[in-house]
Amino acid sequence: MSYWNIDKINYIGPHKSLKSTSGFQYYNPDEVIGGKKMRDWLRFSVAYWHTFDQRLVDPFGDGTAIRPYDKYSDPMDQALAKVDAAFEFYDKLGVDFFAFHDRDLAPEGDTLRETNQNLDKVVDKIVEYQKTTGMKVLWNTSNLFNNPRFVAGAATSPYADIFAYSAAQLKHSLEIGKRVGAQNYVFWGGREGYESLWNTDMKREQEHAAKFFHLAKDYAKEIGFDAQMLLEPKPKEPTTHQYDFDAATTIAFMKEYNLDKDFKLNLEGNHANLAGHTYQHEIRVARDAGLLGSLDANQGDKLIGWDIDEYPSNLYETVAAMYEVVQLGQIGPRGGLNFDSKPRRSSFEPNDLFYGHIVGMDSFAAGLRVALKLKEDKVLENLVSDRYSSYNSGIGAQIEAGKVNFKDMEDYIIDKTQAELRAATHSDHLEQIKDTINHYIVETLSK
Ligand SMILES: [Mn+2]
């Protein structure tokens, strides 16, 4: 039985059709570029929650999605049918990875024991499919935000029973991660923040969050679940302020609580925008700190102020993101590009899920091709090294080596004239740089 009325998505190459078709024009999974297969550079992952569970609601509208397993009215029957639909989807799309929350897979019972039993039935089926398909889990995670019990947070809830419940739920989620061989484990602190400081003990809540992460890491070690632990920053939504605000804030938290040895970051384009940053900025911050773990692939909208999780289509942004990845040589030790993306509410037919992944995968594949070409030609590398070359000798080298103090620098500079100091700076010609990048995008993708 087939759930999806579409043929397998293959690489067809550019220029066969300017109109989007059911094929990739830039993503050729087994093509080796920059020393690696494209599939190994990009490690695309389908997100279970947005792809199979998202009903396409928005803050003012009910779900519009039409899905092939809607005919099953019993929640467990539907959950099991969804696994069949999911694995057919992965095969037709040609991805190697998927990602899921615990609550995506199976309905909750009245107690955690019942909930875990529902979940285990679905995981059994997933594990069977993995044996025959070789599908890998990029990461799994625990949904500690949807249920009303998490109204005031999970690990940062002021209510100790909720902390304990969260710990027990996460324990089972880590055990599932081990069963499915998840390469990473992600924590997105859905409601780990505050609505108001007037009733919040922020320091105590953050200490609780740190304790929770340490307990999780310790338990993963105890059961031999060898995943890279990842924290996912987001500045707001659903709370007024989320503690994992952005990469820099989260890194400071990780260092404060001694988590930076065991945890890295999972960064998302839309979350970066909500924090007032570009995706590239967030990736650069993590890369410079040696803490880039994995990427969630989506984009926001400059005109809409909330988290819309749109499929990535902005080539300029994917070039910038992949430029950072290419400079690092990989997304992260075990990172990938997980499509934390969903169709617009008005794109409600089943095949829109394929079209969304096609534009997303092709946008990142195009970004990779352009970024590798920029690197090969050393376009920005030379420009950046030239810009800082005054630190390679003379006073600059002495500053970097810590050989001069303020007094020495005063002696060195005090009689230099305005004209001499002006001559020490150079125009950035930023407009030329942007024009050059445009040429690389058009040229590389025309070949
Ligand atoms: Mn995400």
Side-chain angles (χ1 to χ4, degrees), residues 42-54 56-58 95 97-105 137-146 150 154 173 177 182-193 227-239 242-247 249-250 263-283 285-286 291-301 304 306-314 317-318 321 325 331-332 334-343 353 356-357 360-361 363-364:
L42 297 160
R43 291 162 57 91
F44 288 129
S45 159
V46 170
Y48 213 94
W49 55 97
H50 271 153
T51 308
F52 307 115
D53 289 342
Q54 172 56 241
L56 307 183
V57 296
D58 73 16
V95 292
F97 296 91
F98 65 109
F100 61 89
H101 302 140
D102 43 9
R103 291 297 84 86
D104 299 342
L105 297 185
V137 173
L138 185 65
W139 49 264
N140 70 315
T141 182
S142 195
N143 179 328
L144 300 172
F145 43 88
N146 267 118
F150 302 120
S173 179
Q183 301 198 359
N184 303 272
Y185 191 88
V186 168
F187 296 82
W188 176 55
R191 292 185 193 272
E192 311 295 27
Q228 173 63 55
M229 299 277 153
L230 303 173
L231 301 184
E232 179 170 331
K234 183 179 182 182
K236 55 190 174 187
E237 287 189 350
T239 66
Q242 303 262 135
Y243 293 135
D244 294 336
F245 189 90
D246 62 0
T249 309
T250 307
F263 286 73
K264 292 186 190 296
L265 296 174
N266 184 48
L267 299 169
E268 172 177 318
N270 201 162
H271 293 177
N273 298 158
L274 290 169
H277 303 310
T278 61
Y279 197 17
Q280 183 183 19
H281 168 91
E282 289 292 86
I283 301 172
V285 169
L291 291 172
L292 180 60
S294 196
L295 295 173
D296 269 7
N298 67 19
Q299 65 185 29
D301 188 296
I304 296 177
W306 73 70
D307 190 352
I308 61 167
D309 290 328
E310 193 174 10
Y311 284 105
S313 62
N314 183 326
E317 286 183 4
T318 58
V325 167
I331 293 173
R334 300 178 209 166
L337 280 161
N338 175 57
F339 286 103
D340 194 358
S341 325
K342 62 184 178 185
L353 293 168
H357 282 88
M361 290 164 75
S363 297
F364 272 95

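Atoms within a ligand are numbered from 1 in the order they appear, just like the ligands themselves. Atom set for the values below is all heavy atoms of this structure, side chains included, hydrogens, waters and symmetry mates excluded. All figures in this text were calculated on a predicted structure; none of them were measured in a lab.
Side-chain contact, Q299 with S313: a donor N or O sits under 3.5 Å from an acceptor N or O. Counting only N and O atoms by type, the side chains of S341 and N298 include no donor and acceptor under 3.5 Å apart.
At a threshold of 2.8 Å, the Mn ion (ligand 1) has a backbone or side-chain N, O or S atom of E268 nearer than that distance.
Judged by distance alone, with hydrogens and angles left aside, the side-chain atoms of R334 form no donor-acceptor pair with the main-chain N or O of A182 at under 3.5 Å.
F339 and H357 have their aromatic ring centers within a separation under 6.0 angstrom.
Geometry about the Mn ion (ligand 1) gives an angle of 160° between OE2 of E232 and OD2 of D340, rounded in steps of 10 degrees.
In terms of distance to the Mn ion (ligand 1), the nearest N, O or S atom of D296 is named OD2.
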